[in-house]
Every structure is written in C-alpha cells, then in structure tokens.
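Structure, as structure tokens:
The figures that follow rest on heavy atoms only: side chains count, while hydrogens, waters and symmetry mates do not. This structure is a prediction, so every number in the text was calculated from the model and none was measured.
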Amino acid sequence: MNCGIELFVVILSKSVVLMLGHFNSIIAMASNAAKQAKLPMAAASSPNDENDPKKPTIRSCESTSVAAYCAVPSAIRTVLPDLKQLGKYYGIYTAIGTLFLLVLKDHIRGHKTNDFIDSLYMTVVTMTTVGYGDLYPHGIVPELVCSVLITAGMLLFGIAVKIAAKYLVFKQQAVLLNALHVSQKIGPTEALNEIETLKIDYTKCMISLAVMGVHFVIGVFVLCTVEKMEFEDAFYCAISTMTTVGFGDESFSTEFGRAFGMIWVFTGTSCVGQLLLYIVEVYIDIEAKKFVKWVIASNVIDRNGIEAADDLEKDKAHEAADFILYKLKDTGKIKQENISSSTKNLDVDDRSVLNVIPTQSSEKK
C-alpha cells in the first residue's frame, strides 16, 4: 500500500508540474508579446514618435500570429481576475458538494471505498459532467442534492464559456485597433503588404495538444497498473472520460485510483476545453486577418482613391459615392445604362465622374 501511495504522489506531482508548466508557458508567451508591442493609445501619446526617424513596422513584433499586429494581448490581463474568481467558485462548489455527499453517504449506492474520497470523487465527476454512474444517489433528498450539484456545475461551465468568449472578443478588438494604428504609421499599402506575409501561429494549439497527450498517457498508465485494466479498456475509459462521455462500464474503482481520478478527471477535461479554445482562436485569427485587410483596404480607397477621382476633372471634386460607382464601372462590374436606368426617375444628375472614365481602361486591364 505504501508503494502505491508513493507511486500516486509521484504521478500526481509530475502531472501538476506539467500542467503548471503548460499554463506558465502560455502566460509567458503573452507577457513577451506584451513587452514587445505598443498600445495604440500609448503610441499615439508618445512624444518621441514624430521625431523617430525609424517607422514602426508590423514585423517589429517578434510573434508571427495575426494577433501580433503589434497587438498587446490585453485580453489575457482582462480575464485573469475572472479566472481567479472562477477558481474560487470551483473550490466552493467542491467543498460544499463533498460535504453534502459525505453527510448523505448512507444514501449513495454503488461500489464504495473510502467515504471522504468517494464523496470528493463523486463531486468532481458530477461537476465535470463525466458521470460514470459507479456512484449514484438513492432517495429523494440525495437526488435533489445531486440535481442542485448538476445545475450548479453547468452554471460554472457557462461562466467558463463566458470568460473564453470575453478573451476572444478583447483579443480581436486589440488586433483591429493596433493594425489600424500601424497602418497609420507606415501607410495602408505597406501595412497590407506586411499583413499578407504574416502567418497564423499554431504554437498554443500544439503545446495544448502535447500536454493533453501526456495527460492521456498518464491516465492510461494508472488505469492499467492500479485499476488492473487491459490496455484497450484503459484506452477506452480514458477517451470516454476526457470527452466527458463517461459511459460508466469502465471507471476508477479502487481507493487509490479514485484519489488519482478526481484530479485527473478535472485536469483532463480542462485540457480538452483549452485545446478547443485555442482551435477557435486560430480560426478567429484567420478571419481577423481577412477583416483587418478589408478595413485597411477601405482606408486606402478613402484616402487615396477619392483624391485620385478629384483629379479626373480639374475643377470639380467628387463625393465618395461617385468614386465607388466609378470603380465599379471601371472594373466592369456595372454598366452606364444600369446607372442611368436607376437614376432616371430620381432628381439625380449622373453626369459626374462616371462619364469621364476612359472607355479603354477596363479593356487594358
């Protein structure tokens, strides 16, 4: 038994160190990016910007993700208080759930080992929605208590989703604001060229996937050695647990296994959730890159295109709408007769910039 406890302590300590190292690496990457980047507001108010002979470029940020358009990951700092608060909620939930299930231990059915470990194990399994079914309530009161625990667990999951959404929204806002700031510094055309060369960063996805793989291997190892499962059963149990399916035909049944399982189940489901968050983040980065390019390209039209349209007739200036129609006609998207038929019933003079387009411009293109 002492050997088993020592093995449990070693595995648990390594698992915790690995998880902490994973989260610290993510925070370290965010901190490094924050040090290398500048906030738009801070950059705008810097007295040395105008006198600096070197123009800032997007490449001044060492990170190559779309979020590194000189964007400070302020979302990380924004959601950290929320994460701490969520951790407190989980701690309170675990303490109250364990206490209630310990009081109602005589009304809990299933394979039992140690009363305290079983109560804590059942609380974690309920909170993470794994629900093996190896321990279950029997009677009106314990069923009501478990119903409350299930509902509270889902509410905590909703809070976690809200924090993840807040992180993604703040990050996307920072990307757009900082990209616009950089485009103002080096010019929209140069910013577009550099944004085009930036690559999506898959680092966090790869790290999270590696950590989840190591976590999975540790779980299979414990199930094989402690729970005496065959490899295929342990593999199946680990998959069903980390995906929160938890059929219950295979689960932790020993005192040592449940002591390990209540930590492994929580960290395993957290690993899966974090991996899904980073996959969504990559997708949002891809869409953000497209959106930023569109916004900067619109600025190019607003700044340069209208001025070019004004030169078409020396003594006449044109509105933005004129130039948009000019570009549509110049590229062959619409024809003059379409414009005339649309304006003939309106008090609109279509003899504007549209009629000074060289007819051969589109053909040359």
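Taking CZ of F116 as the reference point, atom CG of L99 lies at 10.0 Å (rounded to 0.5 Å). Residue F260 holds its CZ atom at 6.5 Å from CD1 of I218, rounded to the nearest 0.5 Å. Rounding to the nearest 0.5 Å gives a distance of 10.5 Å between CD1 of I96 and OG1 of T123. Between the CD1 atom in I200 and the CD1 atom in I286 there is a gap of 5.0 Å [rounded to 0.5 Å]. Residue D115 holds its CG atom at 12.5 Å from OG1 of T98, rounded to the nearest 0.5 Å. Atom OG of S251 and atom OH of Y121 lie 4.5 Å apart (nearest 0.5 Å).
The two residues V211 and C271 make their nearest non-hydrogen contact at CG1-SG, 4.0 Å. C146 and M122 make their closest contact through SG-CE, 3.9 Å (heavy atoms, listed as atom of the first residue, atom of the second, distance). In plain terms, the two heavy atoms of E255 and I117 that are nearest each other are CG-CD1, 3.5 Å. Summarising the geometry of A238 relative to F216, their closest heavy-atom pair is CB-CE1, 3.3 Å, with the distance given to 0.1 Å. Between L275 and M212, the shortest heavy-atom contact is CD2-CE, 3.5 Å. Nearest heavy-atom pair across C224 and F231 is SG-CA, 3.9 Å.
The main-chain N or O of S253 is found under 3.5 Å from a side-chain atom of E227 such that the two form a donor-acceptor pair. S240 contributes a side-chain N or O that, together with a main-chain N or O of C237, makes up a donor-acceptor pair within less than 3.5 Å. Between the K112 side chain and the R109 main chain, no donor and acceptor come within less than 3.5 Å of each other. At distances below 3.5 Å, at least one donor-acceptor pair connects side-chain atoms of W264 with backbone N or O atoms of H215. Here the side chain of S208 pairs no donor or acceptor atom with the backbone of K204 at under 3.5 angstrom.
Side-chain contact of T241 with Y132: a donor-acceptor pair under 3.5 Å is present, judged by distance alone.
With a 4.5 Å cut-off on side-chain heavy atoms, D285 and K171 count as touching. Annotation: side chain of S119 is not in contact with side chain of L104 (no heavy-atom distance under 4.5 Å). Inter-residue side-chain proximity for I159 and L156 is flagged as met; some heavy-atom pair is nearer than 4.5 Å. You'll find the side chain of C205 reaches within 4.5 Å of the side chain of V282, heavy atoms only. Using a 4.5 Å heavy-atom cutoff, the side chains of T94 and M127 are in contact. V280 places a side-chain heavy atom less than 4.5 Å from the side chain of I284.
Atom NE2 of H138 is surrounded by 12 or fewer heavy atoms from other residues, nucleotides or ligands within 6.0 Å. In this structure, F100 places its CZ atom where only 12 or fewer heavy-atom neighbours from other residues, nucleotides or ligands lie under 6.0 Å away.
In summary, K162 and D82 do not engage in a salt bridge, as defined by a charged side-chain N under 4.0 Å from a carboxylate O.
Ring planes of Y236 and F247: parallel class, angle under 30° (limits at 30 and 60°).
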Quick one, V272 with T243, criterion side chain to side chain contact (heavy atoms under 4.5 Å, CB included). Give me CA distance, side-chain angles, the key distance, then yes/no.
CA-CA 7 Å; V272 174; T243 55; 5.8 Å; no
Side chain to side chain contact (heavy atoms under 4.5 Å, CB included) between T254 and T113, intermediate numbers included
CA-CA 7 Å; T254 64; T113 56; 5.5 Å; no
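The same ILVMFWY cluster, assembled from side-chain heavy atoms under 4.5 Å apart, contains both M242 and L209. Note on Y136 and V130: separate hydrophobic clusters, where clusters join Ile, Leu, Val, Met, Phe, Trp and Tyr whose side-chain heavy atoms are under 4.5 Å apart, directly or indirectly. When hydrophobic clusters are built by joining Ile, Leu, Val, Met, Phe, Trp and Tyr residues whose side-chain heavy atoms come closer than 4.5 Å, directly or via intermediates, I108 is grouped together with V141. The hydrophobic clustering, which links ILVMFWY residues whose side-chain heavy atoms are closer than 4.5 Å, places V125 and I239 together. Cluster annotation: Y167 and L276 are assigned to the same hydrophobic cluster (Ile/Leu/Val/Met/Phe/Trp/Tyr, side-chain heavy-atom contacts under 4.5 Å, transitive).
With sequence neighbours excluded, no residue forms a ring-ring contact (aromatic ring centres under 6.0 Å, His included) with Y93. Residues satisfying the side chain to side chain contact (heavy atoms under 4.5 Å, CB included) test with V124, not counting sequence neighbours, are T128, M262, V265, F266.
Proximity of the aromatic rings of Y278 and Y202 is defined here by a centroid distance below 6.0 angstrom, and this criterion is not met.
Pairs engaging residues 123-147 under the salt bridge (Lys or Arg N to Asp or Glu O under 4.0 Å) rule: D134-R258 [sequence neighbours left out].
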